[in-house]
Each structure stands twice: as C-alpha cells, then as structure tokens.
Amino acid sequence: MEDSSSIFDKLLEEDGIFENKEILRPSYTPNRLPHRSKQVNEIARILVPALKGETPSNILIYGKTGTGKTVAVKHVGRELEKKGEELNVDCSVIYLNCKVVDTQYRALAHIARHFDKDVPLTGWPTDQVYHELKDALDDRKKVATIMLDEIDRIIGKSGDDILYNLSRINSDLERSKVSIIGISNDLKFTEVLDPRIKSSLGEEDIIFPPYNADQLRDILQQRAERAIKEGAINSEVIPLCAAFAAQEHGDARRALDLLRVSGELAEKNGEEIRPEHVRKAQEKIELDRVLEVVRTLPTQSKVVLLAIVKHQECDRNTLTTGEVYEMYKKLARKIDIETLTQRRITDLISELDMLGIINAVVVSKGRYGRTKEISMNMSIDEIQNVLLTDYRLQNLKDYCPSTQTKL
DNA sequence: ATTCCACAGGAAGCGACGGCCC
DNA sequence: GGGCCGTCGCTTCCTGTGGAAT
C-alpha cells in the first residue's frame, strides 16, 4: 500500500497555485454575496414570517444563467434554518433542482425523504407519496420552504401538477405551513402557466439582472482571495475574466469557470496566472462546449459536419452548400444511411451555424449564383476525432475526398 | 438594362412516434 | 386497446434574389 500512497504524496506535495479550488466552483455558496444584497434582503423580508411560525408568501425568481439566483436562495435558506434553530422554530428548507428531479413523483418523494420518510424510487401511486409527505410535514409544527430551481424545465411536462399539488398542500395541513420559491431562467415562462398556479406562485416577484463587468470583478476578487494562493495571480487576470464574462450576458458562472480553468492551465505549466492563460481558457471552454454539442448531434447532422470537415481538410477555402451536399451524399452512401434532400441539408447547415460550430453566411457570387459560404474556425482535428467516435461513422475514418473522382 | 446562376428559405403536407383519454 | 392530437423530421414544390456577366 505504500506504493500507492507515495504516488499521491508526490502529487499532493507539488506546489499548486490553488489554496482551495472548490471556492471557484459554481456550486460553492459563499457567505457574502456582492451586489446581491438588495435581492437577498428582499427574499429574507418575504421569508421572515417563517420564523414566527406563519406562512411566508410564495416567491418567483427570474434571471438569466449565472446571475446568482441559486446561490442567493441557498444562502438565505441556510441563514433561515440557522436562525430558526436559535429561536427554536422548526424552519426546514428543501432545495431541489427540477432538471434533475423532473417528475411529480420524484419531486414529492425527494421532499418526503428529506423528512426521513422511506419512499421507494418507484412503485407507489403518486397519491400515496403525497399523503406520506403530508403526514411527514404535519407530524409536528413546522414551516417548510421548498425551493424549486430551474422550474421552467418541468412545466409543460405534467410538471404543472407538482406546482398545483404543492400550492394546495397548505389547505390539507393542520399544523405546518409550506411556502414555495420558484426559480426560473426563462423570463416568459409564466405565460404558459395555469393562471391559478401563476397567481398563487407569483405572490412576490424578484428579478436578478445580469452582472456588469465591475460587479463580476468584485465577485471574482472575493473568491480568488481565498481560492488562490497569494502572489500566484497577475493583477490583470481578474479584470480580464470579468470583461470576457460580461460580454457573455454577465454570467458569473462563466467568469468563475474562466478563472478556474486559467488557473489549471497555469498550474500545469508551473506558472502564475497571466492574461494569456485566460485567453487560452476562453478557447478551451469554448472548444469543450462545442465538442460536447458535436458528440450529441443526431447522425445526419454529424455526417453533414463531417462532410464540411473533410472538405476543409484538403482545401481550406470556404465552401458552398452545393459542395457540402455533394460530399455529404458520398459519405452517406458510403456508410449506407438515408440520403436526405438538399433542402433538408440547408436546414441542418443553418442549425450547425446557430450552434456556433460552423460559420455560414449567405453571399451572392453574381452570375455564379447565391449560396452560403461555409467555414470553420474551430479545431478541425478535434472535431473530426469526436465525430469518428460515433460507431456509425467509423467507416469514414480513412475516407479521403481527393482520391475520389468519379461521379 | 437584362439575364441568369445557385442557391435561400417559405408553405404545405406526409408519416412516424409518443402521450393522453376514454 | 384504440382513437385522437401535437410534434418532429423530412420531402415536394415553390417563389425570391444579389450581382457578375452579358
């Protein structure tokens, strides 16, 4: 066993630049939330009745990704539970993410389990879970605050029922009270909501605006102080991360990712974090995002993309829809899948463009027609590698367009 | 000024599929 | 289990168009 411990010892001893990398993860909840005191106080004001054993109003929270909604809500929840203990009032806070817990059954079961009820993952009728939950809530006086994050992910999917059931649970309870906090990325999602649910859920609205570059800088500064060792970071790095993220709709998550990835890159080279690491991190994050999208593309789109890649490989001028289509047809025939029409391929190319994988611009070449000019600025090799991991495209691995001439 | 290329992209409709309701 | 409906991926048919070539 000494062998295995020694290899880790060596790695542990290496002088990294992080004091505590966890602090830079988006899931970390800091104790102080810069530039969100207004929203935090607002939430706290609404939840105060819980500490007196009364029912707080339900809240709907809106804001784009990375505007601090989740973190603010969790922070207030933690404080509420703490204060409740002090005052000897039972304030339970349950957080659940509707993207993960995405059906009524799972949501109710999740909440019931929070109160130590034994609910199986599947099998019971939803009714029974509901009653189990009701009993759990009512066994002694308490105020429960249920936080439904990414609530827009379940509405439309029978998720309306969860909201409906949760909002009416108060009338079934004798001792306890429930309040709901809904968190949404989508500002328009209430439009499709049942008006009854809408009015009961949206008793109070809170909006989280995007951060600007200065605010992002403060956030990064605060976290960096504890996450990164002193002197391991160049003074230009944080403003640069903030500026990049501010361009991207003020997403704090993006800003933190940038800083963390910059740090990882710098650490690997045994250097302090400098602006060039940030630029590299920006590229890396973008590349990772694109590769992930490519991996999960439908087969036809993959073939279209591969057609573009193969073309670009030997002749890296921009190409036209017609050229892509010809190449696509060859590839599709080779691996024996359905060959779609050019009209459809036009749409698939537009989709790839919108996903930011390729660039497609309509241009007129006068006499020689009007077409899309298609080009790629991403790493062709890496994209090709990902495409070829799809077993359906394996046979195209060594396919070379230049050796192909007939028809 | 006109022509005409090589497509873009809208409209309509079709078949397959999944969910829902009786 | 069967009928109904909405959605998705796709085809067919179509009209529209910027600008080099004539």
Side-chain angles (χ1 to χ4, degrees), chain A residues 98-109 121-130 151-165 186 188-197 293-312 315-376 387 390-393 396 401 404-405 407:
Chain A
C98 300
K99 200 171 139 193
V100 186
V101 186
D102 60 351
T103 63
Q104 167 162 229
Y105 183 94
R106 286 184 203 154
L108 294 176
L121 290 169
T122 172
W124 286 7
T126 309
D127 268 27
Q128 193 178 343
V129 187
Y130 178 80
I151 198 170
D152 41 323
R153 299 304 275 264
I154 49 161
I155 58 128
K157 273 178 79 180
S158 83
D160 307 34
D161 296 342
I162 312 179
L163 301 179
Y164 180 71
N165 280 330
D186 182 358
K188 301 179 295 187
F189 100 105
T190 48
E191 284 172 17
V192 284
L193 212 53
D194 185 319
R196 286 170 304 171
I197 301 173
V293 174
V294 169
R295 190 170 295 123
T296 53
L297 239 33
T299 311
Q300 289 288 357
S301 298
K302 281 183 180 167
V303 178
V304 174
L305 183 56
L306 189 60
I308 297 169
V309 168
K310 289 282 188 192
H311 236 296
Q312 204 108 91
D315 143 37
R316 78 183 77 75
N317 294 322
T318 56
L319 49 160
T320 66
T321 305
E323 289 166 338
V324 173
Y325 187 60
E326 287 308 309
M327 177 64 72
Y328 159 81
K329 276 199 289 189
K330 287 180 195 164
L331 296 180
R333 238 176 282 141
K334 178 120 184 170
I335 59 171
D336 201 25
I337 61 170
E338 255 182 300
T339 311
L340 305 179
T341 56
Q342 181 156 348
R343 179 68 187 84
R344 181 62 188 145
I345 299 306
T346 306
D347 283 343
L348 293 183
I349 290 172
S350 298
E351 278 172 31
L352 291 174
D353 180 33
M354 281 194 296
L355 289 168
I357 302 173
I358 62 173
N359 300 319
V361 196
V362 275
V363 290
S364 177
K365 291 187 184 336
R367 188 82 230 231
Y368 306 107
R370 222 160 96 85
T371 182
K372 273 197 171 112
E373 264 191 353
I374 298 156
S375 62
M376 292 181 67
L387 286 170
D390 190 318
Y391 71 96
R392 283 160 297 200
L393 308 195
L396 300 172
Q404 197 79 350
T405 40
L407 266 172

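In what follows, chains carry the letters A, B, and so on, assigned in the order in which the sequence lines appear, proteins first and then strands, with residues in each chain numbered from 1.
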Colleague: With side chain to side chain contact (heavy atoms under 4.5 Å, CB included) as the test, would you mind laying out the steps for A/Leu319 and A/Met327 before giving the verdict?
Modeller: CA-CA 11 Å; A/Leu319 49 160; A/Met327 177 64 72; over 6 Å; no
Colleague: Please walk me through it: do A/Thr321 and A/Ile345 pass side chain to side chain contact (heavy atoms under 4.5 Å, CB included)?
Modeller: CA-CA 8 Å; A/Thr321 305; A/Ile345 299 306; 5.5 Å; no
Colleague: For A/Lys329, enumerate each residue passing the salt bridge (Lys or Arg N to Asp or Glu O under 4.0 Å) test, keeping only those at least two apart in sequence or located in another chain.
Modeller: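 Salt bridge (Lys or Arg N to Asp or Glu O under 4.0 Å) list for A/Lys329, sorted by chain: A/Glu326.
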Colleague: If I take atom CD in residue A/Glu351 and atom C1' in nucleotide C/dC8, what distance separates them, rounded to the nearest angstrom?
Modeller: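 The distance from CD of A/Glu351 to C1' of C/dC8 comes to 11 Å, rounded to the nearest Å.
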Colleague: If every non-hydrogen atom of A/Leu348 is compared with every non-hydrogen atom of A/Ser301, which pair is closest and at what distance?
Modeller: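 Distance-wise, the nearest heavy atoms are CD2-OG, 3.7 Å.
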Colleague: Under the rule for side chain to side chain donor-acceptor pair (under 3.5 Å), what residues qualify as partners of A/Arg343, not counting sequence neighbours?
Modeller: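 Side chain to side chain donor-acceptor pair (under 3.5 Å) check on A/Arg343 returns A/Asp347.
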Colleague: Which parts of residues 297-305 of chain A get close to DNA chain B, meaning a heavy atom less than 4.0 angstrom away?
Modeller: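 Contacts with DNA chain B under 4.0 Å: none.
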Colleague: Could you tell me the separation between the CZ atom of A/Arg367 and the C1' atom of B/dC5, rounded to a whole number of Å?
Modeller: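 It works out to 7 Å between those atoms.
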Colleague: A/Thr339: what forms a side chain to side chain donor-acceptor pair (under 3.5 Å) with it, not counting sequence neighbours?
Modeller: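 Applying side chain to side chain donor-acceptor pair (under 3.5 Å) to A/Thr339 gives none.
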Colleague: Name the atoms and distances for all side-chain donor-acceptor pairs under 3.5 Å in residues 357-370 of chain A, with sequence neighbours left out.
Modeller:
residue	atom	partner	partner atom	Å
A/Ser364	OG	A/Gly366	N	3.3
A/Lys365	NZ	A/Glu373	OE2	3.2

Colleague: Counting only non-hydrogen atoms, which of residues 358-366 of chain A are less than 4.0 Å from DNA chain B?
Modeller: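 Contacting residues: A/Val362, A/Gly366.
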Colleague: Donor-acceptor pairs are to be reported for all side-chain atoms of residues 293-300 of chain A against protein atoms at under 3.5 Å, with residues two or more places apart or in another chain.
Modeller:
residue	atom	partner	partner atom	Å
A/Arg295	NH1	A/Glu292	OE1	2.6
A/Thr296	OG1	A/Glu292	O	3.2
A/Thr296	OG1	A/Val293	O	3.1
A/Thr299	OG1	A/Arg392	NH1	3.1
A/Gln300	OE1	A/Tyr328	OH	2.6
A/Gln300	NE2	A/Glu338	O	3.0

Colleague: Answer yes or no: does a side-chain N or O of A/Lys372 lie under 4.0 Å from OP1 or OP2 of B/dA6?
Modeller: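 For B/dA6, OP1/OP2 do not have a side-chain N/O of A/Lys372 under 4.0 Å.
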Colleague: Between the protein and nucleotides 12-15 of chain B, list the N/O to N/O atom pairs that are separated by less than 3.5 angstrom.
Modeller:
none

Colleague: Tell me, which stems hold DNA chain B, with a stem being 3 or more Watson-Crick or G-U pairs in a row and both distances under 3.5 Å?
Modeller: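 Detected stem regions: B:1-22 with C:1-22.
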Colleague: Has A/Thr321 got a side-chain N or O lying under 4.0 Å from the OP1 or OP2 atom of B/dA8?
Modeller: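 For B/dA8, OP1 or OP2 has a side-chain N or O of A/Thr321 closer than 4.0 Å.
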Colleague: Please list, in numerical order, the residues of residues 341-350 of chain A that have a heavy atom closer than 4.0 Å to any atom of DNA chain B.
Modeller: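 Contacts with DNA chain B under 4.0 Å: A/Gln342, A/Arg343, A/Thr346.
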